[in-house]
Undergrad: 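After the structure tokens below, expect a handful of questions from me.
Below, each value reflects all heavy atoms present in this structure, side chains not excepted, and no hydrogens, waters or symmetry copies. All chains are named by letter (A, B, ...) in the order of the sequence lines, taking the proteins before the strands, and each is independently numbered beginning at 1.
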There are 2 protein chains.
Amino acid sequence: MGTPQRRTVRDLRRGNRAMLLRALYFGGPASRNDLCGVTGLSAATVSTMTGDLLADNVVVEAGQVDSDGGRPRVLLRVNPVYGYAIGVDVGETQVRVELFDLEMKERARAHYAVRSARHDPELVARHILTGVDAVIAEGGISAGQVLGIGVGVPGIVEPGPDALVRAKTFGWEAVPLGALLRAGTSLPLYVDNGAKTMGQAELWFGSGRGTRDAIMVLMGSGVGGMIVADGSIYRGAGKAAGEVGHLKVVAGGRPCRCGARGCLEAYVGAEAILERAGVVADSADEESALAGVLESGSPVVSETVEMLGAGLSSLVHLFNPERIVIGGWAGLMLGGRLLAEIRAATAANTLAQPFHGDSIVLGRLGADAVALGAATLVIEAFFREAAFRQSVTTIA
Amino acid sequence: MGTPQRRTVRDLRRGNRAMLLRALYFGGPASRNDLCGVTGLSAATVSTMTGDLLADNVVVEAGQVDSDGGRPRVLLRVNPVYGYAIGVDVGETQVRVELFDLEMKERARAHYAVRSARHDPELVARHILTGVDAVIAEGGISAGQVLGIGVGVPGIVEPGPDALVRAKTFGWEAVPLGALLRAGTSLPLYVDNGAKTMGQAELWFGSGRGTRDAIMVLMGSGVGGMIVADGSIYRGAGKAAGEVGHLKVVAGGRPCRCGARGCLEAYVGAEAILERAGVVADSADEESALAGVLESGSPVVSETVEMLGAGLSSLVHLFNPERIVIGGWAGLMLGGRLLAEIRAATAANTLAQPFHGDSIVLGRLGADAVALGAATLVIEAFFREAAFRQSVTTIA
DNA sequence: TGACTTTATTCAAGACTTAGATTATGGTCT
DNA sequence: AGACCATAATCTAAGTCTTGAATAAAGTCA
């Protein structure tokens, strides 16, 4: 249904321009001729467009390829220092602020420890704002060169300018993080769930690269997720889709911290695994405690694999994805030791259709990709914006 | 990343034309002026486009609205007899072939009983082809006026020209139904899973109307489903997404006919409910048997509701849909008596986010909507095609 | 009848992509 | 070295498309 918006000739150019920019960004340096092939546009259009982009300094030349009997082709690429993106990871134990250039090379960072019990929203916001100033200074750039700030937070983020955050683990009921930050900076702001930002990092630069239909399952203390449908993140009607952690695997089963019972998170989140194994650990040494349980050969481990397999098979049946990426620190720890078993458990529950166990893979980016992923939110917006830039007319 | 195809100026018109046609189809009769508002196109564009469409006879005038102080507006609508669509429902007990005009009014029908045990592919194909001829004759139209044939079948349909069908209940392993039919007719053919076609009927004309993010859960002997994401059916990488029936609700639970364990279908499909209640019934009197069980107050009933609630809550967390539609004959029977309980069971498992129980609704179209939905596949293609028609140039 | 409204069409202008011609830049052959 | 060839990039003319403004059409109301 969805009346898909009328389109005018300008939209056309915008769309094509954005496509060309994406191709250049992900396809590395390429000649104008290569771009014709990749984008399907005619040489003429590519020529005028790259001309504009070069004039705007969004794109720069990047050497040339030796010819074999003809004019050598000039390579182009997105100007890595056209602008910068800041990514923020609001975690359980610290707030991390990192500055990236357009090629996602880290230029500066600032970390602030947060005492576990105290996640005062004001304090978190202040840390972020201080961090932003710090990385701008350390990176030796001006605020004007920053294209925006991406923030990854736990819990559910309501769409809207205030970016209301609900995060049980922080005791945040409806914290207007967006509003708090906007009071201290005028840079564009993009707030999203940390699992989603991490997932997007995997999608762009990690194990999910190149897929159109994928699912990221991100296991830390709890379990989060992200669904990629037709090449973009699926967010659902209220922007809350992808809560893989609360997929039910045992109706009426173990109580979950969300209040319901039998959620996947109540079995395969690190916190749940430790609880079931009878290990007491605070969030600081959760990692080593989990490693201990996994080594112990406890029956909890095989049960965990079973549950994860059941959950993943549900995902396969519902989404029929090309790939499932397991990430997050607990996911990487579990998957690193038991990937074969996880694949087998999933396959055992997925008989109805052809399913290749090896389409379940581990994330490549490690657990600290939340900030990186948050920065990609900025880049994403940049692609949309860059397409507009041309039509800005100044009144003298 | 999916390079989203370059666009040319022609694509623009195609897109806008298709949009206008859809608006007219679903928005009932409307004046050119109304269409400006709905589509966002300028009056000039609407005028030339409707001119083309009128010339092609795809659109016709439909009276006019009395003015109040100005030129009266002429109403337009899609020409209901511009063409016809045939919908086929390949069911357990019969093959139903129905002829619809563009407004989806039924014009003719032909049903053929199939003995339960014998689902010979050749025989089914012959029934369909005979039925097609029969309804064309009965409808008093010529084959040339038929825009296509949509077929809804059980099981999974592989994409491709052969339309390989895998249907356990029929004992079909890889039946090339598409190829079989194409041998007997040259009309365009669209084969899809029956649950999906039924879901599409609900989406277009039933309880799903107007939603962009919805889930259809279709319960008959087994359980099927369809996912609507951003206004269109989500099919996944291998076109097999939406298998709601094989969502796990109890890891390691009851064996399901798919071979795995603990699937939703193993608890809430009619066959499963009867089995669990210890009732023996063949497919002919499954309906009355199920009604009996539901009336009996057996504990199986409340367990069924629990399981369904668990499954639906998984769907809510994963997809965050605007609406969930329960359909299929068993679904309607169950939901007709126990909708409140089902809503409560779902809500009990969905504490983490705001969720309105009343977004779970019953289907409005009854169980015989498979053929109707199959016919919508033809209409959908018609929208795409009609946008092209203009550019056909004949060489004299 | 004439003033006023509202709807629909026509027209010139501006934006965009394309195919084909042209220019640019280097290699290769004699 | 100079003529010739191959490939890349740009320029040009043509064809589509949407749009806003002007114009035509078809009423109502006093």
Side-chain angles (χ1 to χ4, degrees), chain A residues 4-20 24 29-55 59-76 387-393, chain B residues 4-20 24 29-55 59-76 387-393:
Chain A
Q5 283 300 314
R6 75 152 182 190
R7 300 217 164 280
T8 135
V9 170
R10 310 288 283 267
D11 298 319
L12 234 181
R13 186 155 184 93
R14 265 201 283 283
N16 284 338
R17 191 168 149 139
M19 178 178 62
L20 189 136
L24 212 47
S31 72
R32 293 172 174 79
N33 224 341
D34 297 337
L35 289 172
C36 294
V38 176
T39 63
L41 292 164
S42 72
T45 302
V46 170
S47 198
T48 62
M49 267 185 188
T50 52
D52 285 358
L53 290 167
L54 280 164
V59 161
V60 293
E61 298 197 344
Q64 53 180 57
V65 171
D66 284 356
S67 88
D68 29 24
R71 175 170 171 176
R73 55 191 96 177
V74 175
L75 295 179
L76 302 173
F388 273 92
R389 203 161 295 265
Q390 187 209 31
S391 63
V392 176
T393 44
Chain B
Q5 283 299 312
R6 80 166 176 172
R7 301 217 163 281
T8 135
V9 165
R10 309 288 285 267
D11 298 320
L12 236 180
R13 187 158 185 90
R14 265 201 284 282
N16 284 338
R17 191 167 148 141
M19 178 178 62
L20 189 137
L24 213 46
S31 73
R32 293 171 176 79
N33 225 338
D34 297 337
L35 290 173
C36 293
V38 176
T39 62
L41 293 165
S42 72
T45 303
V46 170
S47 198
T48 61
M49 266 185 189
T50 51
D52 285 358
L53 290 167
L54 280 163
V59 161
V60 293
E61 298 196 345
Q64 54 180 54
V65 172
D66 283 357
S67 87
D68 31 20
R71 176 170 169 175
R73 55 193 97 177
V74 175
L75 295 179
L76 302 174
F388 274 93
R389 202 161 295 264
Q390 186 206 33
S391 64
V392 176
T393 44

Undergrad: Identify whether any heavy atom of A:V46 sits under 4.0 Å from a base atom; if not, whether one sits that close to sugar-phosphate; answer base, sugar-phosphate or nothing.
TA: nothing

Undergrad: May I have the distance from B:L41 (atom CG) to C:dT9 (atom P), rounded to whole angstrom?
TA: 15 Å

Undergrad: Per the side-chain contact (heavy atoms from CB on, under 4.5 Å) rule, which among B:V46, B:T48, B:D52 passes with B:T50?
TA: B:V46

Undergrad: With sequence neighbours excluded, give me every salt bridge (charged side-chain N to carboxylate O under 4.0 Å, His left out) pair touching residues 33-51 of chain A.
TA: A:D34-A:R73

Undergrad: Can you name the residues that form a side-chain hydrogen bond (donor to acceptor under 3.5 Å, both in side chains) with A:T8, not counting sequence neighbours?
TA: none

Undergrad: If you restrict it to nitrogen or oxygen atoms, what contacts under 3.5 Å exist between nucleotides 19-21 of chain C and the protein, and what is each distance?
TA:
none

Undergrad: So, is A:R17 near the phosphate of C:dC16, with a side-chain N or O under 4.0 Å from OP1 or OP2?
TA: no

Undergrad: Which one, C:dA8, C:dT18, D:dC17, comes nearest to the side chain of B:R10?
TA: D:dC17

Undergrad: Could you go over nucleotides 27-30 of chain D and give all protein N or O partners under 3.5 Å, atom names and distances?
TA:
unit_1, atom_1, unit_2, atom_2, d
D:dG27, N2, B:G69, O, 3.2

Undergrad: Taking the minimum atom-to-atom distance to the side chain of A:R32, which one of D:dT10, C:dT17, D:dT19 wins?
TA: D:dT10

Undergrad: Look at B:R73 and C:dA8 and indicate whether a side-chain polar atom (N or O) is within less than 4.0 Å of OP1 or OP2.
TA: no

Undergrad: Got a sec, which residues hit side chain to side chain contact (heavy atoms under 4.5 Å, CB included) with A:A44, two or more places apart in sequence or on another chain?
TA: A:S42

Undergrad: Is there a side-chain contact between B:N33 and the phosphate of C:dT6, meaning an N or O under 4.0 Å from OP1 or OP2?
TA: no

Undergrad: Only counting residues at least two apart or in another chain, list the ones meeting side-chain hydrogen bond (donor to acceptor under 3.5 Å, both in side chains) with A:S47.
TA: none

Undergrad: Looking only at side-chain N and O atoms, does B:S47 come under 4.0 Å of OP1 or OP2 in C:dA8?
TA: no

Undergrad: Give a yes/no on whether any side-chain N or O of A:T8 is located under 4.0 angstrom from OP1 or OP2 of D:dT18.
TA: no

Undergrad: Does the side chain of A:N16 get closer than 4.0 angstrom to OP1 or OP2 of C:dC16 through an N or O atom?
TA: no

